[in-house]
Amino acid sequence: MNPRYSPDQVERKAQADWERADAYRARDDDTRRPKFYCLSMFPYPSGKLHMGHVRNYTIGDAIARYRRMRGFNVLQPMGWDAFGLPAENAAMANRVPPAAWTYDNIAYMKKQLKSLGFAIDWSRELATCKPDYYKWNQWFFLRMLEKGLAYKKTGVVNWDPVDQTVLANEQVIDGRGWRTGALVEKREIPMYYLRITAYAQELLDDLAKLPEWPERVRAMQANWIGKSVGVRFAFRYEQIASANLLPLSQVNEHARERVSARPLLPPGEGTGMRDEAVFASRERDGVRDVGAAPRSNERAVAMRNAAGTSPSPSVPLPPGEGREEKLWVFTTRADTIMGVTFCAVAAEHPLATHAARNNPALADFIEECKRGTVIEADLATMEKKGMPTGLSVTHPLTGESVPVWVGNYVLMGYGDGAVMGVPAHDKRDWDFAVRNSLPIRRVIASKQLLEDRYRAIDELEKENISIDREKITDVRYIEDFVFKKNISKQAERAINTLHSQLIHEGCFIDYGVVINSGEKYDGLDYEAAIDAIAADLKAKGLGDKQVQWRLRDWGISRQRYWGCPIPIVHCPSCGDVPVPDDQLPVVLPEDCVPDGTGNPLAKRADFVDCTCSRCGKPAKRETDTMDTFVDSSWYYARFCGTDNATAMVDQRVDYWMPVDQYIGGIEHAILHLLYSRFWTKVMRDFGLVKYDEPFTRLLTQGMVLNDIYFRKPESGRITYYNPADVDVTCDDKGNRVGAVLRADGRAVEWDGLGTMSKSKNNGVDPQQLIEQYGADTARLFVIFTSPPEHTLEWSDSGVEGSSRFLKRLWSFAEESKTFVDPGLIAATIDWSQTDDELKIARREIHLALKQANNDFAKLQFNTVVSAAMKMLNALEGVPGASRSAQGVKRQPADKMVVTEGLNMLLRLLAPITPHVTHVLWQELGFGDDIARAPWPVHDETALARDVIEMVVQVNGKLRGKVSVPADASEESVRQAALANATIAHHVGAKPVRKVIVVPGKLVNVVV
RNA sequence: GCGAAUGUGGCGGAACUGGUAGACGCACUGGACUUAGGAUCCAGUGGGGUAACCCGUGGGAGUUCGAGUCUCCCCAUUCGCACCA
């Protein structure tokens, strides 16, 4: 045995053993053991592993290895999320086909994963760019098409006019194409969508079935799905005619013209939208103008066509031809409807478009809004700008005329693209009204305000002062009118109270009681008011309660080469024809080198030209590929049977699925996880699987951060320096006082912590770490430094610390080797003859193990490592084992405690640092394979004590300690505590009022 | 603006159901061994005070014999976002 820890040697030996034994192959149906499916999110093969991968897979591996030792039949597979944009970018940069680049990366990263010693069943490896995988994307897509769960409609894309290509959001920088710098245009093109909205209700409800997901992920998903229950109603606009406006049917016509002025059909797409009737979708109004028609329309259709469960049906559709003279809005606060003082419509709304025809200023404003940001956070804080359209509409309940404005804070994409404006009870409307001097009408009051109002009215009426009872809650009315009256002190006081309450409440957005809304509604609370108002609107045929969703259907078409081909053929006579199942997969050619212009697939005649399976005439293949989120929406199910060439999944999913533990980054909290949940439900409804949810438990690990250092010269660009090249200087107490670049010794500035990135030059290459310290140190560091869900701050000295611990472990084991005797067990020892010191050490070891087991179950691995360190500290303290005790004669009890302690410690650490524990296990003669050893459990009898130390408090403050026999009675403990000199000093002459004894822990003397 | 979380030494972080705050590690200080050490080992290390003691878990109230932990009100930071009407 090497006296010095040599990670390189140890890891090579351990990995060779595992390879030879095929140690981590998962058995497909082991009836003797419970199954455990442990999955980490598969990586995109970007080139090499980054620290985030190392962290993710180490956490997953620790869980998998722990479960295996706990007796589970564990499946831990690995694959590659291999389609995607970076491969195309690399292709352009290096003139290499994306396929070759991707496969090279996979080979390299696989080697890296193996060098980290993960217990992965590599026989199940898959890559989403292989036809045997993506064939099933295509097959499943066709099934969804048949059921109407996939359909075609137009969508907006970024278009680079120079390269004649579609750009991803990521490729648009400040509104310009990343390669050409050309101003990016918005274009409408036909795309395929998946009806995730048909599952909105179930996706929302089933979050309750995921109690072991982090609360915040469930909250984010619920917000994303965004169910709101409210009232959708209409303002009529008879006045349109008098304002000499076109009927809305013509307005829509106008909007359509504007969009079709620059049509775009992708190459190979000749038939337009009419052919969609071929497929199961019955959506009639497939042609959609930018912003010209509301979204809830689609949703209503989606709900009707959906297989499986459906959200509740929606109310009548927004304006179409024949029903045009209504402005529809949606609100969750119908109780405030009598407080409407304006309406605001989105810039893209047909009314806005129409009003702008003869109003250049308004047209300019609309253009400005359309160019503006659509990022929520920016919009939320920006100025609420608006412009009147000159139109007005009629309030459905009061019949009052309400002005219509164009507002930059109204989104066309949500609801009907129009809102009612109730400034008194909505912050945005308030801001908008204040800015544009629109009236504010208060219609909801808090209880306090109600009281103040009654009192003020009473007082004024006593003095026979006539006032407007409605306007009394208007600050301006009070100031302009009431304050100017000659009133008694008492009345003035009441008015003052009311006035300051009004000022205090300002824009009152809470629920309250309805006021100033007419006899019928006044006094009602939120729910009653909404019921009454919705009923009245319904009776007039002007609205009803409605459920509104935020979730939109999932557009999966990508105008990109490196992705799964959408299995459709465009035939001049038959239209869009699905590829028959027996012709699947539609194989993507792997030798294309995209150059950034146009669509590379469209240039490949051997791909595009084909024959129509219906009529046998020449036809063109669809050249769009699928969103890579499709690939990752079901890969976890495929791992159960990657070898099945005839079916997407087979009965093995019934054994393995659902995934028991899923581990990945928080950045996937919404899209990937939501799409996977959706996909699962569709697979279930197609009879492919039996479970409702794919991931039982979810762990979202935090990001990996590092210091950021930079210099900013007086002129020129900021330069970032890698923290590895920077020395930090500290004062005597360890406070950071400065940092210098090692190369030139001059100061650099510290810019806090940030995620490891190329742009900030603060990355750490895992490969270097492994080469310098070994995989076990890397694993130990990422596990120990932070709890899994927190961010992890990189620290070179932290790595040193982890390495130091493993060195200590190794040398302790090495020194103990001569007297470790696996035959010694606790029962052979006469504990009454052993030193207290030894018993205390053994107790510490078992106590630490107990804590570690608690923490392991909670997935709090950092404290598991703490416990392991405590165990080693205690072992080093065993009298006969310490280095300083060379020559001391070792008692059997010493040997037993060291043997037992090492044996438990190695097993405890095996999931985290598998190599070093594997080798030491063998070296110490404990067995061949530590991974097959049972999980260590502490011995309760080792925790027992004869004498315990109890804390004594006086008035809750720590004042002393007393040692008492473990079985001492409460009374004797009390006596011992009061007899203690320090305690007596603190009690002094004060009378003891009460003594609280917490058995085994403390005594509190109350004086 | 909305949603979610988090605030504990110089730093990462411990503290099970309210019961010794700061485990474990890093950094730092002193010492040992060394030609040397950025290796290793030993000791110390929340702040203040000579001391007895006092103060300490973002701030402020409260409940309790006792609060990092429970309740209420503030403040700050981080993350997500598609103005969710």
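Remember, it's a predicted structure, so these values are computed and weren't measured experimentally. By convention in this document, chain letters (A, B, ...) are assigned in the order of the sequence lines, proteins followed by strands, and residues within each chain are numbered from 1.
The listed nucleotides are B:rG13, B:rA15, B:rU20; the one nearest the side chain of A:K858 is B:rA15. In this structure, the nucleotide among B:rG19, B:rG12, B:rA85 sitting nearest to the side chain of A:T331 is B:rA85. Distance from the side chain of A:P787 is smallest to B:rA14 among B:rA14, B:rA85, B:rC83. Here B:rC26 is the nucleotide among B:rG25, B:rC79, B:rC26 with the atom lying nearest to any side-chain atom of A:S797. Relative to the side chain of A:E215, the nucleotides B:rA85, B:rG25, B:rA5 differ in distance, and B:rA5 lies closest. In the set B:rG12, B:rU40, B:rC54, the nucleotide with an atom closest to the side chain of A:F784 is B:rG12. Listed candidates were B:rG19, B:rG13, B:rU40. Nearest to the side chain of A:K807 is B:rU40. Residue A:N862 has its side chain nearest to B:rG13 when only B:rG3, B:rG13, B:rG12 are considered. The side chain of A:I670 lies closest to B:rG80, out of B:rC24, B:rG80, B:rA4. You'll find that the side chain of A:S228 is closest to B:rA85, out of B:rA23, B:rA4, B:rA85.
As judged by a 4.0 angstrom heavy-atom cut-off over every strand, A:Q860 is placed among residues touching the sugar-phosphate backbone only. A:K957 comes within 4.0 angstrom of sugar-phosphate atoms only, judged by non-hydrogen atoms across all strands, and of no base. Looking at heavy-atom distances under 4.0 Å, A:H668 makes no contact with the nucleic acid at all. Using a 4.0 Å heavy-atom criterion, one finds that A:E949 contacts no nucleic acid atom at all. Within 4.0 Å (heavy atoms only), A:D429 reaches no atom of the nucleic acid at all. Within the 4.0 angstrom heavy-atom criterion, only backbone atoms of the sugar-phosphate kind lie near A:E793; the bases stay farther away. Across all strands, A:N1004 comes closer than 4.0 Å to base atoms (heavy-atom distances). As judged by a 4.0 angstrom heavy-atom cut-off over every strand, A:R993 is placed among residues making no nucleic acid contact. Here A:V951 lies in heavy-atom contact (under 4.0 Å) with a base. Counting non-hydrogen atoms under 4.0 angstrom, A:R218 reaches nothing in the nucleic acid.
Cation-pi geometry between A:R4 and A:W810 is not met: the NZ or CZ atom fails to fall both under 6.0 Å from the ring centre and inside 45° of the normal.
Both A:G956 and A:I666 lie near RNA chain B, and the one whose nearest nucleotide falls closer to the 5' end is A:G956. Looking at which nucleotide of RNA chain B each of A:N223 and A:A418 is closest to, the 5′-most match is held by A:N223.
When only modelled atom types and interatomic distance are considered, A:W794 and A:D707 share no side-chain donor-acceptor pair under 3.5 Å. Counting only N and O atoms by type, the side chains of A:E789 and A:T700 include a donor and acceptor under 3.5 Å apart. Side-chain contact of A:T863 with A:Q860: a donor-acceptor pair under 3.5 Å is present, judged by distance alone. Donor-acceptor pairing under 3.5 Å is recorded for the side chains of A:Y773 and A:E800.
As the counterpart of B:rC65, B:rG19 is assigned, both hydrogen-bonding distances of the Watson-Crick or G-U wobble pattern falling under 3.5 Å. The pairing partner recorded for B:rA14 is none, the criterion being a Watson-Crick or G-U wobble arrangement whose two distances lie under 3.5 angstrom. Taking a pair to require two hydrogen-bonding distances under 3.5 Å in either a Watson-Crick or a G-U wobble arrangement, B:rA43 pairs with B:rU29. The partner of B:rU50, taking Watson-Crick or G-U wobble pairs whose two distances both stay under 3.5 Å, does not exist in any strand shown. Pairing partner, B:rU6: B:rA76, with both Watson-Crick or wobble hydrogen-bond distances short of 3.5 Å.
A gap of 40 Å separates the P atoms of B:rA27 and B:rA4, to the nearest Å. Rounded to whole Å, the separation between the C1' atoms of B:rU45 and B:rG31 comes to 15 Å. Comparing B:rA21 with B:rG56, their P atoms sit 13 Å apart, to the nearest whole Å. Rounded to the nearest Å, the gap between the P atom of B:rA23 and that of B:rC73 is 34 Å. Comparing the same atom, C1', in B:rA5 and in B:rC16 gives a spacing of 23 Å after rounding to whole Å. B:rG13 sits 9 Å from B:rG25 when the C1' atoms are compared, rounded to a whole Å. Atom name C1', nucleotides B:rU69 and B:rG62: the rounded distance is 15 Å, in whole Å. Comparing B:rU71 with B:rC81, their C1' atoms sit 32 Å apart, to the nearest whole Å.
Proximity of A:R804 to the phosphate of B:rG25: no side-chain N or O atom is located under 4.0 Å from OP1 or OP2. Residue A:R4 places no side-chain N or O under 4.0 Å from the OP1 or OP2 atom of B:rA39. Phosphate contact (OP1/OP2 of B:rG13, side-chain N/O of A:H790, threshold under 4.0 Å): present.
Summarising the geometry, the separation between CG on A:L705 and P on B:rU6 is reported as 17 Å, rounded to the nearest angstrom. With rounding to whole Å, A:L1002 atom CG is found 8 Å from B:rG66 atom C1'. Put simply, CE on A:M220 is 11 Å from P on B:rA4, counting in whole angstrom units. Rounding to whole angstrom units, CH2 of residue A:W224 and P of B:rG80 are separated by 12 Å. Atom CH2 of A:W405 is separated from atom C1' of B:rA85 by 19 Å (rounded to the nearest Å). Counting to the nearest Å, the P atom of B:rG12 and the CZ atom of A:F861 are 22 Å from each other. For A:L958 and B:rG22, the CG to C1' distance is 14 Å, given to the nearest whole Å. Note: CD (A:E789) to P (B:rA4) measures 17 Å, nearest angstrom.
The aromatic rings of A:F235 and A:H395 lie perpendicular to each other, with more than 60° between the two planes, well past the 30° mark.
Atom CZ of A:R993 is surrounded by 12 or fewer heavy atoms from other residues, nucleotides or ligands within 6.0 Å.
Screening residues 417-426 of chain A for side-chain hydrogen bond (donor to acceptor under 3.5 Å, both in side chains), with sequence neighbours left out, gives A:D426-A:R428.
Anti is the classification of B:rG47, since its glycosidic angle lies more than 90° from 0.
A salt bridge links A:E876 with A:R808: at least one charged nitrogen is closer than 4.0 Å to a carboxylate oxygen.
Of the residues A:T777, A:T58, A:L780, the one that meets the side-chain contact (heavy atoms from CB on, under 4.5 Å) test with A:T913 is A:L780.
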